[in-house]
Amino acid sequence: MQAIKLADEFLPDKKLIVYTEGQRHPRENAYATEKGMFENGALAILIDEGSASASEILAGAIQDNDRGTIIGRRSFGKGLVQEQLDLSDGSAVRLTIARYHTPTGRCIQKPYKDGLEQYYNESYQRYLDGEMTNADSVKLDKSLKYKTPKGKTVYGGGGIMPDVYVSLEKMTAIRIIVH
């Protein structure tokens with residue numbers, strides 16, 4: 001997987017990048033290998049509600065290993081491991097067999113507890129609740145606190161919560177300046 005290969009470039013040998021685990025799928029760990037191309041030096045990663053899956057694996061690995069700073073807003077929360085089963089008629093079925101977890105144990109996948117429609121509309125609801133424009137409106141599940149090796153508190157509940165919050169308005173201004 002490309003996200004693991006990319007994270008490997010930033011993390012020292014034997015650091016946990018991500019693990020998968022499912023009800024009938026035993027835990028599988030992915031570790032960094034020998035000397036990556038950028039294991040030292042300042043590192044910042046920008047995320048927002050459109051960041052999903054591979055970008056969340058990378059951001060979670062960097063954050064949980066205290067390797068860099070995550071900047072922006074909470075990511076989407078897509079962290080499912082799927083296995084494709086090819087059928088004899090040429091079609092296929094994809095089965096969810098596990099979930100991705102960051103090194104501290106946070107599940108990247110946001111819950112489906114309120115149904116599929118609510119799952120897909122959750123980012124819009126975060127906008128309506130003010131989470132995109134005001135850091136004080138961000139809802140954190142205080143029961144899902146985790147600690148990084150250097151003692152930084154990170155939160156679970158689906159997606160990656162940044163270390164530094166940037167509102168939608170400021171992020172748009174940053175994008176305009178960069179382009």
Give, for atom CG of Leu80 and atom OH of Tyr112, the distance between the pair rounded to the nearest 0.5 Å.
-> 5.0 Å
Just grab all the ring-ring contact (aromatic ring centres under 6.0 Å, His included) pairs involving residues 54-73, residues at least two apart or on different chains.
-> none
Taking only residues two or more places apart in sequence, or in another chain, which ones meet Thr133 in a side-chain contact (heavy atoms from CB on, under 4.5 Å)?
-> none
For Arg27, the side-chain hydrogen bond (donor to acceptor under 3.5 Å, both in side chains) test, sequence neighbours excluded, returns Asn29
To the nearest 0.5 angstrom, please state how far the OG1 atom of Thr104 sits from the OH atom of Tyr155.
-> 12.5 Å
Nearest 0.5 Å please: distance from the CD1 atom of Ile17 over to the CD1 atom of Ile4.
-> 6.0 Å
How many angstroms lie between atom CD of Gln63 and atom CG of Leu43, to the nearest 0.5 angstrom?
-> 11.5 Å
Give a yes or no on whether Val138 and Ile70 share a hydrophobic cluster (residues Ile, Leu, Val, Met, Phe, Trp, Tyr; joining criterion: side-chain heavy atoms under 4.5 Å apart).
-> no
Scan residues 67-98 for pairs that pass ring-ring contact (aromatic ring centres under 6.0 Å, His included), counting only residues two or more places apart or in two chains.
-> Phe76-Tyr119
Do other residues, nucleotides or ligands put more than 12 heavy atoms under 6.0 Å from the CD atom of Gln82?
-> yes
Residue pairs fulfilling ring-ring contact (aromatic ring centres under 6.0 Å, His included) with at least one residue in residues 28-54, sequence neighbours excluded = none
In terms of heavy-atom contacts, Ser51 and Leu46 come closest through OG-O, 4.5 Å
Where is the tightest heavy-atom contact between Gln109 and Gly79, given as atom of each residue plus distance?
-> OE1-N, 2.8 Å
Single-linkage hydrophobic cluster Leu16~Ile160, side-chain heavy atoms < 4.5 angstrom = no
Can Met161 be reached from Val18 by stepping across I, L, V, M, F, W or Y side chains whose heavy atoms are under 4.5 Å apart?
-> no
Would you say Ile47 and Ser55 make side-chain contact, with heavy atoms under 4.5 Å?
-> no
What salt bridge (Lys or Arg N to Asp or Glu O under 4.0 Å) pairs are there with at least one residue in residues 96-115, not counting sequence neighbours?
-> Asp64-Arg106, Lys110-Glu122
Which heavy atom of Ala3 sits nearest a heavy atom of Ala54, and at what distance?
-> CB-O, 3.5 Å
Not counting sequence neighbours, list each pair that qualifies as a side-chain hydrogen bond (donor to acceptor under 3.5 Å, both in side chains) and has a residue in residues 12-23.
-> none
Is any side-chain heavy atom of Val154 less than 4.5 Å from a side-chain heavy atom of Thr102?
-> no
From CG (Leu11) to CD1 (Ile62), nearest 0.5 Å | 4.5 Å
Please identify each residue that fulfils salt bridge (Lys or Arg N to Asp or Glu O under 4.0 Å) with Glu39, with sequence neighbours left out.
-> none
From Ser167 atom OG to Asp48 atom CG, the distance as rounded to the nearest 0.5 Å | 12.0 Å
Ala52 and Lys78 have their tightest heavy-atom pair at CB-CB, 4.1 Å
Could you tell me which non-hydrogen atom of Gly157 sits nearest to which non-hydrogen atom of Pro111, and how far apart they are?
-> O-CD, 3.5 Å
Residue pair Phe10 / Leu58, side-chain heavy-atom distance below 4.5 Å = yes
State, to 0.1 Å, how close Gly72 and Pro162 come at their nearest heavy-atom pair, and which atoms those are.
-> O-CG, 3.2 Å
side-chain contact (heavy atoms from CB on, under 4.5 Å) against Asp89, all qualifying residues, sequence neighbours excluded | Leu87, Ser91
Side-chain contact test, heavy atoms from C-beta onward, threshold under 4.5 Å: evaluate it for Ile57 versus Met1 and give yes or no.
-> yes
Residue pairs fulfilling salt bridge (Lys or Arg N to Asp or Glu O under 4.0 Å) with at least one residue in residues 128-151, sequence neighbours excluded = Arg74-Glu131, Arg126-Glu131, Asp129-Lys139
Apply side-chain hydrogen bond (donor to acceptor under 3.5 Å, both in side chains) to Gln84 and list each qualifying residue two or more places apart in sequence or on a separate chain.
-> Asp86, Arg94
Taken in chain and number order and not counting sequence neighbours, the residues that satisfy salt bridge (Lys or Arg N to Asp or Glu O under 4.0 Å) with Asp163 are Lys152
Linked, directly or transitively: Met132 and Tyr124 (ILVMFWY side chains, under 4.5 Å) | yes
